[in-house]
Amino acid sequence: MRQPEALNTIEQLSDIIRNFLLAPPPGTPPEIIGAFSAPGGQEFLPPQLFIKVVEQAPVAISITDPNATILYVNTLFEQLTGFKREEIVGRNESILSSRSTPRDLYHQLWQTIQAHQVWQGTLVNHRRGGDAYLAELIIAPVLNSGGEIAYYLGMHRDISERHRLEQRLQFQQSLNYAALNAAPVVVAMIAADRSVILNNHAYQQLASEINHPQPASLFLAALEQQNQFDLHSVCHGAEGFHNLEIRIDPQNSHSPRWFSCSGVRVKQLDESANHYFTAASSPACYLLLIANEITSSRHRTQEAQLNMIRARMAEQQTVDTMHEAISGAIYQLQVPLNIIRAALTMPAGSHHGFTLHGVLQQAVSSGDTAIASLQAALPNKPVEQKLPINLNAILHEVIKLSTPALLASGIVVDWQPASVLPTIIGRENALRGLAKYLMDNAITALNASPHQQRELRIITRTQNDEIRIDLIDNGCGIAAADRFKVFEPFYSNWSQGRGHAGMGLTMAREIAISHGGSVEIESEFVGGTHVLVLLPINSVDNAFAAQEASS
Ligand code: FAD
């Protein structure tokens, strides 16, 4: 076989490239055509200038015969490979092979180019001195006028540095992912449209535990409703936030979960060329949410708190009972006194009458003295500060406090809290009392019921600007005629009436009214009692402002 000759004349070289450019094989990348084409279109440059362009092209160019024997290389090829033109022309391109490229790849390379197609890929090459580099290579066949392959045009560049950077980036990424997934905290990157663009293993674990596809939406709702957090202002406030505590009541469990949340603002990637020198005035950003579960520590403090509450409630109950008993006595004393007062307004008719008049007046005045001393004995109810309160927490506490009574009566509680409940501003003990009065009533009603299956359903929801609590029992129910009377003081209709002063619903309603809300008995409900409590959601700011103003 005749040894091919190097392309020594400008005309030869320019002819080959001209042929190639006239009929580039299918799939020829635009950059290969661009490297040889004259600026501005299909017109060719004068051969001299054209060769200068190819010579100085910022990519290693080689032209081979159909067996890959090198006929021409440009300056960058010499610089990149370390081979001088005179020592490499006449050699096969395989001189560059580092022998670590899989043979299959060469096979595929040759199959492609022999089918008149352009091949693109990455090979491991070595330089003259032996050191390996990664060559990103494009090979395009150049056809003769008969449509046969006359030459191959090769273009390659060293992408070792890019590969190194990509590898490092990949390593960094896997490191980040490993750290992210190993972290025992829930992590989620949240975009302005509330979509989650990144999360970790703990996040996915939580999603499956609470059976919610996107726990981030619960976190955001809880932060907004329980901590006045605003996702849109995250981009403007450079600080982020730290350790905001939220409560989530999973739908599939009776146990609430508590998280301490921190948020960091992360600027969104801006790839726009226009913002290369000057950043966009209002760049979009993400919220990196880090949520540390504090449920077990909350449970511990709550247990201790519950014992305190138990003691406080027992004390409060004693005070309330005394209050009720004394109020009852005052009320009952006032009835005969009023009759006597009415009798005294009648004219004294006889001597005996006159004496009776004096006696009655004495009775009135000693009665008044008794009332005054009873009123003085009324225990003072402590004034309670208003605080941000989560009603799910209050109700859950009351359920726990009532557990012994519920178990003793065989009552099943179906607790259906809203996953996330907004905070309201209120008096904690009073609201706990409200829940306890209603819970005690439900237990008494269920005990009075002949049903074998005793059920109490407690549901919390947000409805417009109010929190709605439904307490539904399948107990003895309240007769239609009594639905208003039951709220009157001292009205008690329990069959086992002992120990009930008939003040529970009166007090519950009073507490709800003092919070701007209401307690009603659902009139349509049959087969038990359905008590509906509505309490308005005040924004913390407004409520505190109102409290400041009133104090
Ligand atoms: P070889 O025995 O040369 O080839 C291995 C396999 O390639 C064979 O089994 C066969 O499947 C196929 N093959 C080789 N030659 C032919 C042929 N003439 N006809 C049909 N099939 C054939 N290789 C590099 O490693 N680095 C480069 O930078 C590089 N640049 C090239 C540029 C051009 C323009 C061309 C045409 C080829 C280039 N090659 C390059 C491929 C090179 O020619 C060799 O095929 C390759 O280096 C493998 O060489 P080898 O000695 O290991 O095996």
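Counting convention: from 1, in listed order, for ligands and their atoms alike.
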**Item:** atom 39 (N) of ligand 1 - nearest protein heavy atom and its distance
**Value:** Glu93 CB, 3.6 Å
**Prompt:** Between Asp131 and His126, is a side-chain hydrogen bond (donor to acceptor under 3.5 Å, both in side chains) present by the stated rule, with each step listed?
**Reply:** CA-CA 5 Å; Asp131 64 312; His126 67 171; over 6 Å; no
**Request:** Measure the distance from atom 19 (N) of ligand 1 to every protein heavy atom, then report the residue, atom name and distance (to 0.1 Å) of the closest one.
**Result:** Gln114 NE2, 3.1 Å
**Protein contact of atom 11 (O) of ligand 1 - nearest heavy atom, named by residue and atom, plus distance** = His107 ND1, 3.0 Å
**Prompt:** Where's the contact between Asn92 and ligand 1, heavy-atom distance under 4.0 Å: side chain, backbone, both or neither?
**Reply:** side chain
**Crowding at CZ, Arg457 (>12 non-hydrogen neighbours, <6.0 Å)** = no
**Request:** Heavy-atom contacts with Asn67 under 4.0 Å: which atoms of ligand 1 show up? List them by number with element.
**Result:** 18 (N)
**Message:** Return the closest protein heavy atom for atom 33 (C) of ligand 1 as residue, atom name and distance.
**Reply:** Ile139 CD1, 3.5 Å
**Glu55 bridged to Arg85 by N-O distance under 4.0 Å** = yes
**Request:** Indicate whether atom 8 (C) of ligand 1 is within a distance of less than 4.0 angstrom of some protein heavy atom.
**Result:** no
**Asked** Quick one: which ligand 1 atoms are inside 4.0 Å of a heavy atom on Arg99?
**Response** 50 (P), 51 (O), 52 (O)
**Asked** Near Tyr152, which atoms of ligand 1 are under 4.0 Å from a heavy atom of that residue?
**Response** 34 (C), 36 (C)
**Request:** Test salt bridge (Lys or Arg N to Asp or Glu O under 4.0 Å) on Lys84 and Glu87 and set out the steps.
**Result:** CA-CA 5 Å; Lys84 287 271 155 242; Glu87 56 185 340; over 6 Å; no
**Prompt:** Using 30° and 60° as the class limits, which term best fits the ring planes of Tyr133 and His156: parallel, tilted or perpendicular?
**Reply:** parallel
**pair Ile197-Ile190: side-chain heavy atoms closer than 4.5 Å** = no
**Asked** Which atoms of ligand 1 are found less than 4.0 Å from any heavy atom of Ser97?
**Response** 25 (O), 47 (O)
**Message:** Please list the nearest protein heavy atom to atom 28 (O) of ligand 1 with its residue and the distance rounded to 0.1 Å.
**Reply:** Asn125 ND2, 2.9 Å
**Asked** Starting from atom 12 (C) of ligand 1, which protein heavy atom do you reach first, and at what distance in Å?
**Response** Trp110 CD1, 3.0 Å
**Asked** More than 12 foreign heavy atoms under 6.0 Å from CZ of Arg128: is that the case here?
**Response** no
**Asked** So which bit of His156 gets within less than 4.0 Å of ligand 1, heavy atoms only: side chain, backbone, both or neither?
**Response** neither
**Prompt:** Is any side-chain N of the basic residue among Lys400 and Glu303 closer than 4.0 Å to the acidic one's carboxylate O?
**Reply:** yes
**Request:** Please could you name the atoms of ligand 1 that Leu137 approaches to less than 4.0 Å, counting only its heavy atoms?
**Result:** 29 (C), 30 (N)
**Request:** Give the residue, atom name and distance (to 0.1 Å) of the protein heavy atom nearest atom 44 (C) of ligand 1.
**Result:** Ser94 CB, 3.8 Å
**Request:** Start with the C-alpha gap between Trp110 and Tyr152, add the side-chain angles, then the distance that decides, and say whether ring-ring contact (aromatic ring centres under 6.0 Å, His included) holds.
**Result:** CA-CA 11 Å; Trp110 280 102; Tyr152 289 116; 5.8 Å; yes
**Request:** Quick one: look up the protein heavy atom nearest atom 2 (O) of ligand 1 and list residue, atom name and how far away it is.
**Result:** Arg103 NH2, 3.6 Å
**Message:** Salt bridge or not between Glu245 and Arg257? Use side-chain N to carboxylate O under 4.0 Å.
**Reply:** no
